[in-house]
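Have a look at the structure below, then the notes.
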Amino acid sequence: MEAPDCLEWIEDELRVIRGENLFRTLTEIASGQSPEIVIGGKKHLLLASNNYLGLSTDPRVIGAAAGALSDYGTGSGGSRLVSGSSDLHAELEEKIARFKSTEAAILFSSGYLVNVGTIAALVGEGDTVFSDELNHASIIDGCRLSRARVRVYPHLDTDSLRHMVSRSRGGGKKLIVTDTVFSMDGDLVDLGEICSIAERYGCMLMVDEAHAMGVLGEKGSGATEHFGVERRVPVVMGTLSKAVGSLGGYVAGSRSLVDFIRNRVRSYIFDTSLPAASLAASIEAICIIESEPERRKHLMELVDTFKAGLLEMGFSVLPSQSAIVPVLTGEPEATLSLASALRDRGIYTPAVRPPSVPAGKCRIRASLMATHTKDQISWALEGFRDSRSLVKSF
């Protein structure tokens, strides 16, 4: 079927996207998020999952989800403020609050909904947001929706942030918002310094713990624990879809903050709530994160081995401090070539291109899981070594 006349411009847009090597397609995976997956009937090593601790396929987590599915059914039936709030929602919110060392927590259906809704409720016209230039798209969209003035500071540059905040004029509220671990670079913000700036200049502070929860901190609760600043960050958001291995997002903070969100954040009020299976899976997974620190230790040992091997081969690897290992390739064509060569060798780790990363900074974003073995990391390094010689342009 041809596009209607009013949509003919879309074909022109698609030609531009293809011409710039930025066209995207879907890869159908016929298995769970295990270290080895099935694509097109063939086994591949998975190096592209945010399932950092391997919990989405842990039998205990699956069992908890199955039990809740049997007891509660497949859907929640409505928004939290109508019929979609269960005892499991309350249990998980209490669990998250204890885990994050806050008074309370509130659940959303995704981390994206947390950021677009919460930022837009905390600030508005006449207010100012200070945002790291590499913040996640959901933070950027939340800033735009808020209609506040947005001041973007250079990535991780706390001196520039301090200068911007100290020179900020006019009334209104001020909000600093930042990822703690950045999704495409894997690097870590200096959260102690960010807290000091917020406190010195009377700013609200909101941090995104999506890629830190489960990976950082002695008990695995994230960067706020890692830096010892749990009591200094008033607005903490995170996701349950990465290291926790389930689905959903949350805000953790004071009880008054949670009450405010429940009454003012549109992406909470008007959204159907999480189903019971996801809630039970998250509850069980957080218990495992707290009780099995060896998972984090093994994960970081694998990351160190993998990074060292790539650097020895001459790859350009960003100095990440997480389970994310970005291998810089530069331009889209080189990145697609490397991803294809790896795929031919049974290693699945897709090309990352704009707008996910800035122009000229395309990469292979490898991410490791605690359920990978040392032999599988050796397999991955062998694949990169063989593929390196086939890619001449970086």
Side-chain angles (χ1 to χ4, degrees), residues 50-53 55 92-119 122 131-132 134-140 142 155-156 175-195 198 204-254 257-258 261 282-283 285-286 288-290 293 295-296 299-300 320-324 367:
N50 293 331
N51 181 32
Y52 300 129
L53 298 180
L55 292 176
L92 179 54
E93 287 171 339
E94 291 172 4
K95 183 80 172 174
I96 291 169
R98 289 195 299 270
F99 191 52
K100 299 298 292 182
S101 298
T102 61
E103 281 187 346
I106 187 166
L107 288 167
F108 287 68
S109 293
S110 74
Y112 206 106
L113 291 174
V114 172
N115 281 336
V116 296
T118 302
I119 294 171
L122 291 174
S131 175
D132 189 289
L134 294 188
N135 274 339
H136 189 264
S138 59
I139 294 176
I140 294 170
H155 182 48
L156 298 181
L175 170 69
I176 298 171
V177 59
T178 180
D179 285 305
T180 54
V181 170
F182 289 81
S183 62
M184 288 295 124
D185 288 44
D187 48 2
L188 182 62
V189 73
D190 184 349
L191 194 49
E193 183 63 20
I194 295 282
C195 287
M204 297 180 289
L205 173 59
M206 177 176 174
V207 301
D208 183 331
E209 290 270 64
H211 295 275
M213 183 177 178
V215 178
L216 297 180
E218 185 176 344
K219 67 178 182 181
S221 75
T224 55
E225 183 200 3
H226 175 79
F227 285 98
V229 295
E230 294 101 322
R231 305 297 183 185
R232 299 174 65 190
V233 182
V235 187
V236 181
M237 74 78 59
T239 61
L240 303 168
S241 55
K242 297 176 175 63
V244 178
S246 183
L247 180 67
Y250 65 85
V251 173
S254 66
L257 172 68
V258 166
I261 288 171
S282 294
I283 292 167
I286 294 173
I288 295 171
I289 291 170
E290 291 179 301
R295 284 178 177 264
R296 291 186 293 283
L299 172 62
M300 298 316 297
S320 69
Q321 297 165 277
S322 63
I324 301 163
S367 54

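Sequence positions, counted from 1, serve as the residue numbers for this chain.
- With sequence neighbours excluded, the residues that form a side chain to side chain donor-acceptor pair (under 3.5 Å) with Ser254 are Ser256.
- In this structure a side-chain-to-backbone donor-acceptor pair under 3.5 Å is missing from Asp208 to Met237.
- Asp185 and His155 are not linked by any side-chain donor-acceptor pair at a separation below 3.5 angstrom, with hydrogens and angles left out of the test.
- Judged purely by atom type and a 3.5 angstrom limit, Glu93 has no side-chain atom pairing as donor or acceptor with the backbone of Ala104.
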Step by step, work out the side chain to side chain contact (heavy atoms under 4.5 Å, CB included) result for Lys100 and Glu230. CA-CA 7 Å; Lys100 299 298 292 182; Glu230 294 101 322; over 6 Å; no
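- No donor-acceptor contact under 3.5 angstrom links the side chains of His136 and Tyr112, judged on distance only.
- Counting only distance, with no hydrogens or angles, the side chain of Lys219 and the backbone of Phe99 share a donor-acceptor pair below 3.5 Å.
- In terms of modelled atom types and a separation under 3.5 Å, the side chain of Glu209 and the main chain of Ala223 share a donor-acceptor contact.
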Please evaluate residues Leu240 and Ile96 with respect to the criterion side chain to side chain contact (heavy atoms under 4.5 Å, CB included), reporting the C-alpha separation (whole Å), side-chain torsions for both, the decisive distance (0.1 Å), and the verdict. CA-CA 10 Å; Leu240 303 168; Ile96 291 169; 4.2 Å; yes
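- For the pair Val181 and Ala212, the tightest heavy-atom approach, listed with the atom from each and the gap, is CG2-CB, 3.8 Å.
- Formation of a donor-acceptor pair under 3.5 Å by the Ser367 side chain with backbone atoms of Ala323 is not found in this model.
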Residue pair Asp179, Ile139: steps toward the side chain to side chain contact (heavy atoms under 4.5 Å, CB included) verdict: CA-CA 9 Å; Asp179 285 305; Ile139 294 176; 3.9 Å; yes
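- Under the ring pair (Phe, Tyr, Trp, His ring centres under 6.0 Å) criterion, Phe108 pairs with Tyr268, not counting sequence neighbours.
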From CA spacing to verdict: side chain to side chain contact (heavy atoms under 4.5 Å, CB included), Ile119, Met206: CA-CA 9 Å; Ile119 294 171; Met206 177 176 174; 3.8 Å; yes
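- Although no hydrogens or angles enter the test, the distance criterion places a donor-acceptor pair under 3.5 Å between the side chain of Asn51 and the main chain of Leu55.
- No donor-acceptor distance shorter than 3.5 angstrom exists from the side chain of Arg295 to the backbone of Tyr52, with no hydrogens or angles considered.
- Side-chain N or O atoms of Arg232 include none that pairs as donor or acceptor with a backbone N or O of Thr224 at under 3.5 Å.
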